[in-house]
Amino acid sequence: MSRLLIKSCDIVVTMDDAGTELPGGSILVEDGVITWVGAGDPPRAGGGEVLDGRGLIAIPGLINVHHHLYQAMTRARAQDQGLFGWLQQLYPVWAGVDISWMRAAAAVGLAELALSGCSTTTDHHYVFPNGVAGILDAEVDVARQIGIRFHPCRGSMDLGASKGGLPPDSIVEDTDAILTQTEDAIRRWHDPRPGAMVRVAVAPCSPFSVTPRLMRESAALARRAGVRLHTHIAETVDEEEYCRRIFGCRPLQLLDNLEWLGPDVWLAHCVHLNSDDIQRVARTGTAVAWCPTSNLRLGSGIAPARELLAAGVALGLAVDGSASNDAGHMLAEVRQAMLVARARGDPKWMSARDALRIATRGGARCLGRDDVGALAAGRRGDAALFATDGVALAGTRVDPVAALVYCFPQRVRHLTVDGRLVVRDGRLVHMDEDVIAADARGVEKRILGLEATS
Ligand SMILES: [Zn+2]
């Protein structure tokens, strides 16, 4: 049996239903599962590793519910553009995505996430230039190497510019080929068992890049296979106008028409919702991935997080793709979420603990998981431990848990996934950060070379 005891933390933030926080708490993980959380010594002695929790706050590993890892190679571009202009500048660059690009970008993105306390992440990958096979396999492989829990979402685009879509024809795929390859990805990678390290979702990209047929058949495929559905919706005013012009309705009505709302769906963005939309999302049990930094960066707007929570919607948090954040720091995103929710009207609209709950329990609900998101017996041993002794958190003894969110976002000290150390003493355990950065520089040089010659 594998055994890890995280002993005598300053505080264990369990994120259970009651919001229990245990001063001096310890966490026992056996064979990947938390078997005990409490103060003092565990009920039975045993072998295995003991991790010293003194001076550390333990929170459940953060859960990132929307990302585009490949974009890590194309950051800080299209700086003055809104979503549509930004996409149109970047699509031709992204047409060069291949296996080495994907591996380098996934390593960068997953390393950033792990080092910020994220133990579970999705990736919504929708750029499959014709003839390039193995892109999803490459990122699953990198996630396994790093040791993070991974939900790759098989994205897709089948509506090119010649048919009225936004992306150039060169980066869209044939509808039938998409459906076949999506089914293949589920068969190869999806693990429905509790504690799964890899689960696949079906994820056509957005109303302006996919056909209604692909949306309907994707939903049917996902429901046959018992996997979740994910897409972008209600991100910008431009998208809302596109939906009115092409489909004669608002984006949320379009999804309803396509049978794309329900408890097996989580939607990225949902910035532009009216009160009917919010009720529709709540009534159908649909979950939402909130991406505050990306929405600010692209000038898209601020999602009505408080209203969604008040309506009972499962709300998770996400950094979104690396070309519109342009960072993958999950604790920084928690801080951004708290601040931007307040900017809409009232400092009472989002507490530090509310924001942490969205990034843990909320994320687990988005992904349909009840085995992560809390430090409680029966859940997986996914814990993020942050130190409180540096200058950034000086003067915060009155409430160090809130300070994790209020103060400058820290690098995680230790991160465990299934009771295995993924980050130890602020460094990745299984990959070398400097090698990842060097590989990324090499790939970026090649991308810039490609651009110069195209
Ligand atoms: Zn996105």
Side-chain angles (χ1 to χ4, degrees), residues 63-75 77-78 81-91 93-94 97 102 105-106 109-110 112-113 118 121-128 135-136 139 150-157 159 165-167 171-172 201-210 215 218 228-240 242 251 255 260 265-273 286-303 315-330 333 336-337 363 366-367:
I63 298 174
N64 176 46
V65 291
H66 186 67
H67 207 324
H68 310 290
L69 290 168
Y70 74 96
Q71 293 179 6
M73 295 297 96
T74 59
R75 296 201 254 215
R77 289 170 180 246
Q81 297 289 333
L83 178 68
F84 281 13
W86 173 87
L87 283 169
Q88 283 169 317
Q89 275 196 23
L90 285 163
Y91 283 139
V93 187
W94 295 341
V97 168
M102 192 68 235
L110 295 173
E112 284 186 289
L113 286 168
C118 174
T121 185
T122 58
D123 184 49
H124 184 185
H125 190 82
Y126 55 84
V127 180
F128 293 86
I135 285 180
L136 226 54
E139 61 174 5
F150 193 46
H151 285 232
C153 308
R154 207 302 181 176
S156 50
M157 302 194 291
L159 187 70
L166 193 71
I171 58 167
V172 305
V202 177
C205 190
S206 58
F208 48 84
S209 62
V210 304
M215 290 296 280
S218 292
R228 296 180 76 74
L229 284 161
H230 182 51
T231 192
H232 295 100
I233 204 73
E235 183 172 357
T236 64
V237 172
D238 288 345
E239 179 206 315
E240 188 175 310
Y242 178 93
L255 287 191
W260 254 82
V265 181
W266 88 103
L267 303 171
H269 300 303
C270 289
V271 173
H272 297 279
L273 302 184
T286 310
V288 171
W290 180 20
C291 309
T293 302
S294 170
N295 298 150
L296 292 169
R297 199 273 208 193
L298 295 174
S300 305
I302 302 174
L315 183 66
L317 191 66
V319 298
D320 199 2
S322 307
S324 67
N325 186 309
D326 303 41
H329 198 296
M330 200 54 199
E333 203 64 32
Q336 187 84 280
C366 281
L367 302 184

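The model shown is predicted, which means the values in this text are computed figures rather than measured ones. Start at 1 and go down the list; that is how both ligands and their atoms are numbered.
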- Of all N/O/S atoms in His66, which lies nearest to the Zn ion (ligand 1)? NE2
- For the side chain of His230 and the backbone of Ala203, is there at least one donor-acceptor N/O pair under 3.5 Å apart? no
- Task: May I ask you to check if any N/O/S atom from His232 comes under 2.8 Å of the Zn ion (ligand 1)?
- Result: yes
- Message: Here's one to test your reading of the geometry: is the NZ or CZ of Arg154 within 45 degrees of the ring axis of Phe128 and under 6.0 Å from its centre?
- Response: yes
- Query: Any idea which N/O/S atom from Asp320 gets closest to the Zn ion (ligand 1)?
  - Reply: OD1
- Between Ser218 and Leu229, the two heavy atoms sitting closest are O-CD2, 3.9 Å
- Message: Looking at the Zn ion (ligand 1), is there an N, O or S atom belonging to His68 that lies under 2.8 Å away from it?
- Response: yes
- Distance from Asp123 atom CG to Glu139 atom CD, nearest 0.5 Å? 4.0 Å
